[in-house]
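Working notes, beginning with the structure itself.
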There are 2 protein chains.
Amino acid sequence: MTSDQSEHTLSATEENIMKATHTALLKHGYADLSIARIGDELDGSKSSIYHYYDSKDDLLITLLEFTVNKFESTLDTEPSQNPAETLKQLIAKLLAPDPVEDDYQFQTVLVGFRSQAVTNSRIRAQFTHVDERLADTIREILERGIAENVFEAVNASEVTEYILATIKGGIYTRVTTDRVDAVTATHSMLVSYIDSELIQDTV
Amino acid sequence: MTSDQSEHTLSATEENIMKATHTALLKHGYADLSIARIGDELDGSKSSIYHYYDSKDDLLITLLEFTVNKFESTLDTEPSQNPAETLKQLIAKLLAPDPVEDDYQFQTVLVGFRSQAVTNSRIRAQFTHVDERLADTIREILERGIAENVFEAVNASEVTEYILATIKGGIYTRVTTDRVDAVTATHSMLVSYIDSELIQDTV
DNA sequence: GTCTATAGGTTGATAGAC
DNA sequence: GTCTATCAACCTATAGAC
């Protein structure tokens, strides 16, 4: 496997701690997250945390990896499909005006984590990596579409970054403002862009 | 004036506190910001803060307003210019791969604040407002360009949100990852979009 | 208006019983 | 492995001298 994460399965307690930290993070945000508040969401006692993790920092980095993996696994696309449809489905999943509760929670937790990348170099490295993989996913779809003559022969790397930035901007807007219409508009304009600039005119 | 902020000029001490909080925020990030750390950046004693602000929260909300005003004032564009050039200059200022130090600091501080919008409704309202005004700025340029037959007769509101999301995504990427090239690519693709989809073909 | 001192609570983390 | 009890450090905020 290519995963850099240790292969071991999580014990029931570890799973509990992950879930409790996730919930506490949603409730209070990264800045107001404390071991006590995680304990409040936990079935057992808060000190059990220190049996599995060295420190609060260690716990949070582990949760970040855990969350990123779950988030990325929800993005796995059916590769047999038309590249244009695959791309549009990916965008719809990320920019849906009212996503599935789970998806919304992932986005919220990841936005909270991401802001820590400004001052925390470990978290910054993680998100550099996250974006790299998101870009890979999009670029592969584009390159396949170009190879199959579905897409124009654009610069796949540049278009990838452009699409990815727009998606992240849309998610960011959804999670940090009440401007729901802005997300809808961003979504529909991004689809228009794909239709008019990317998809080849059928001759 | 339309500003909802009190008109009074800041005293030297207040100015000092704003600057110290700004610096402490850059150094430690929102989550690890404390009154003591703000005091470390301050000429005087940390308790002087409580003579001017009721609480840490009050101080931070004030700094947010202060920062937003300064940030927006750096965006004032020369309205006599060609709308296409005005728009491109605005984008270049926000997505420059290596912006002026002041601009970079504003973006960093605002990204830190913005993540708090997820759990803090006062801050969320502020950023809803910030985005509204940014959208107004872009929309006015687009509408002027359409009126002057420089731009195609696009849906100005939708295109505005699309451009704004891409810009925010680019800033977000710059501040939270090491993927400098991604920002450059986003910038150049956004300019290409304007050239090919927005600017009217000269007949 | 600015300072020192300090109250009173919360923080992350540990010791040690079971 | 899970618990209770506890520590020392730090937190926000205030009291009160100057």
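Numbered from 1 within each chain, the chains take letters A, B, ... in sequence-line order.
- The closest side-chain heavy-atom distance from A:V130 to A:L110 is not below 4.5 Å.
- Counting any heavy atom pair closer than 4.0 Å across all strands shown, B:S47 reaches a base atom.
- Side-chain atoms of B:V183 and B:H187, non-hydrogen and from C-beta on, never get closer than 4.5 Å to each other.
- Comparing atom distances between the B:S34 side chain and each of C:dT6, D:dC11, C:dA13 picks out D:dC11 as nearest.
- In this structure, the CG atom of A:L59 is 10 Å from the P atom of C:dA13, given to the nearest Å.
- Spacing between atom NE2 of B:H28 and atom C1' of D:dC11 amounts to 15 Å, rounded to whole angstrom units.
- Taking atom CG of A:N16 as the reference point, atom P of D:dG1 lies 14 Å away to the nearest angstrom.
- Residues A:D195 and A:K88 are paired through a salt bridge, judged by an N-O separation under 4.0 Å between the basic side chain and the carboxylate.
- Dashed line: the shortest gap from a side-chain N or O of B:T13 to OP1 or OP2 of C:dT2 is under 4.0 Å.
- Taking the nucleotide of DNA chain C with the nearest heavy atom to each of A:I35 and B:H51, the more 5' of the two is matched to B:H51.
- In this structure, of D:dG1, D:dT14, C:dG1, it is D:dG1 that holds the atom nearest to the side chain of A:Y52.
- B:Y30 has its OH atom 15 Å from the P atom of D:dC11, to the nearest Å.
- Taking a cutoff of 4.0 Å between a charged side-chain nitrogen and a carboxylate oxygen, A:R139 and A:E143 do not qualify as a salt bridge.
- Within the nucleic acid shown, A:L42 has no heavy atom closer than 4.0 Å to any nucleic acid atom.
- When each of A:R37 and A:D54 is assigned the nucleotide of DNA chain C with its nearest heavy atom, A:R37 is the one assigned upstream, toward the 5' end.
- Here C:dT10 presents its P atom at 15 Å from NZ of B:K56, a figure rounded to the nearest Å.
- Between the CG atom of B:D32 and the C1' atom of D:dA9 there is a distance of 15 Å, given to the nearest Å.
- Using a 4.0 Å cut-off between charged side-chain N and carboxylate O, A:D131 and A:K168 make a salt bridge.
- A straight line from CG of A:D40 to C1' of C:dT10 spans 13 Å, rounded to a whole angstrom.
- Nucleotide D:dT14 holds its C1' atom 9 Å from the OH atom of B:Y50, rounded to whole Å.
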